[in-house]
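These notes concern the structure reproduced below.
All values below were derived from every heavy atom in this structure, side-chain atoms included, with hydrogens, water molecules and symmetry-related copies excluded. Since this is a predicted model, take the numbers as computed values, not measurements.
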Amino acid sequence: MKKLLFSLFALGTFLSVNAQEVIYSEDFNDSSVSNPPVGWVFEDMDGDGYNFGDMYFVPDANENPVSPISLISRSWQGSALFPDNTATSPLIDLESASGDITLEWKVTAASNPLWNSEHYSVYVSTLTDVYEVVLEDAAFSETYAGTGNQLTRTVDISSFAGQKVFVTFRHHNVTDMDYLSIDDVKVTAASLAVSNVTTSKVSLYPNPVSDSFELKLAQNYDASKVKVTISDLTGRKVKSFSNANSYNVSDLNSGVYVVTVSDGAHTFTQKLIKK
């Protein structure tokens with residue numbers, strides 16, 4: 001019991017210090033060529049037939065992943081490529097957002113420093129035509145230099161409060177390296193208008209839970225697209241589900257977890273106590 005009370009105190013402290021509403025998130029963990037991430041649009045701007053969305057991990061000789069399951073674009077595929085590939089998110093609604101609004105993602109490239117200098121840019125725009133978007137100033141641009149490490153990047157997009165935006169990742173200005181990986185895209189805000197929080201509310205019960213819990217989705221959720229993930233307090237994902245009548249967690253150890261419910265356009269997060 002002491003451990004559980006400590007965990008609850010730690011979670012409460014964490015949430016109070018890091019009070020952020022998740023407006024949009026996509027981890028790409030369930031994505032594949034036959035099951036692309038909901039709402040994402042890919043454009044092969046250089047017309048070479050290679051693009052984001054052609055693969056979601058880079059395999060070794062035994063078909064085991066050497067990259068995270070994520071958005072992948074190549075600058076080498078048997079021979080040198082000259083990529084100009086874009087991946088654009090679904091429309092992200094910031095109309096009710098205020099305070100600090102942050103775009104976050106993780107980036108990786110090959111571990112060999114001879115082949116990891118992948119260049120990419122990130123655009124945040126209200127425009128729908130990606131060919132117009134890339135004429136705007138990029139919100140972020142870099143050449144990766146992490147020798148295979150997955151690096152977290154953040155950009156302040158508070159200036160877009162009150163608008164609806166797209167986020168575009170562009171792999172370009174590079175050739176004859178290996179691959180670029182974009183993962184765990186998330187947009188958070190310091191606060192949302194009360195009306196938006198209410199309409200996005202999801203009910204979770206029972207809580208605490210012994211064996212399984214149920215969810216009652218808000219009316220603005222698309223149940224066919226809902227994904228439910230459960231993470232521990234370190235952020236490590238321990239279970240994931242598609243939309244269902246109930247969610248079995250009997251195999252989890254007693255403790256405190258974080259449940260995230262998302263349909264790609266709306267996201268709800270709540271702590272879950274496993275007895």
Inset, instruction - Decide side chain to side chain contact (heavy atoms under 4.5 Å, CB included) for D184 and E104; before the verdict, give the C-alpha distance in whole Å, the side-chain angles of both, and the deciding distance to 0.1 Å. - result: CA-CA 8 Å; D184 293 345; E104 178 181 309; over 6 Å; no
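- To the nearest 0.5 Å, atom OH of residue Y56 and atom CG of residue N35 are 8.5 Å apart.
- A salt bridge does not link D54 to R74: none of the charged nitrogens lies less than 4.0 Å from a carboxylate oxygen.
- Criterion: ILVMFWY side-chain heavy atoms under 4.5 Å apart, direct or through other members. Under it, M45 and F169 are not part of a common hydrophobic cluster.
- The pair K186-E26 fails the salt-bridge criterion, with no side-chain N (NZ, NE, NH1 or NH2) lying under 4.0 Å from an Asp/Glu carboxylate O.
- The closest side-chain donor-acceptor pair between N253 and Y257, if any, does not fall under 3.5 angstrom.
- Under the 6.0 Å cut-off for aromatic ring centres, H171 and Y120 do not qualify, their centroids lying 6.0 Å or more apart.
- Rounded to the nearest 0.5 angstrom, I92 CD1 and K164 NZ are separated by 12.5 Å.
- Y144 pairs by the ring-ring contact (aromatic ring centres under 6.0 Å, His included) definition with nothing, not counting sequence neighbours.
- Under the rule for a side chain to side chain contact (heavy atoms under 4.5 Å, CB included), the partners of E214 that lie at least two apart in sequence or sit in another chain are Y205, S246.
- Side-chain contact annotation: E43 with Y131, donor-acceptor N/O pair under 3.5 Å present.
- When ring centroids are compared, W40 and F28 come within the 6.0 Å threshold.
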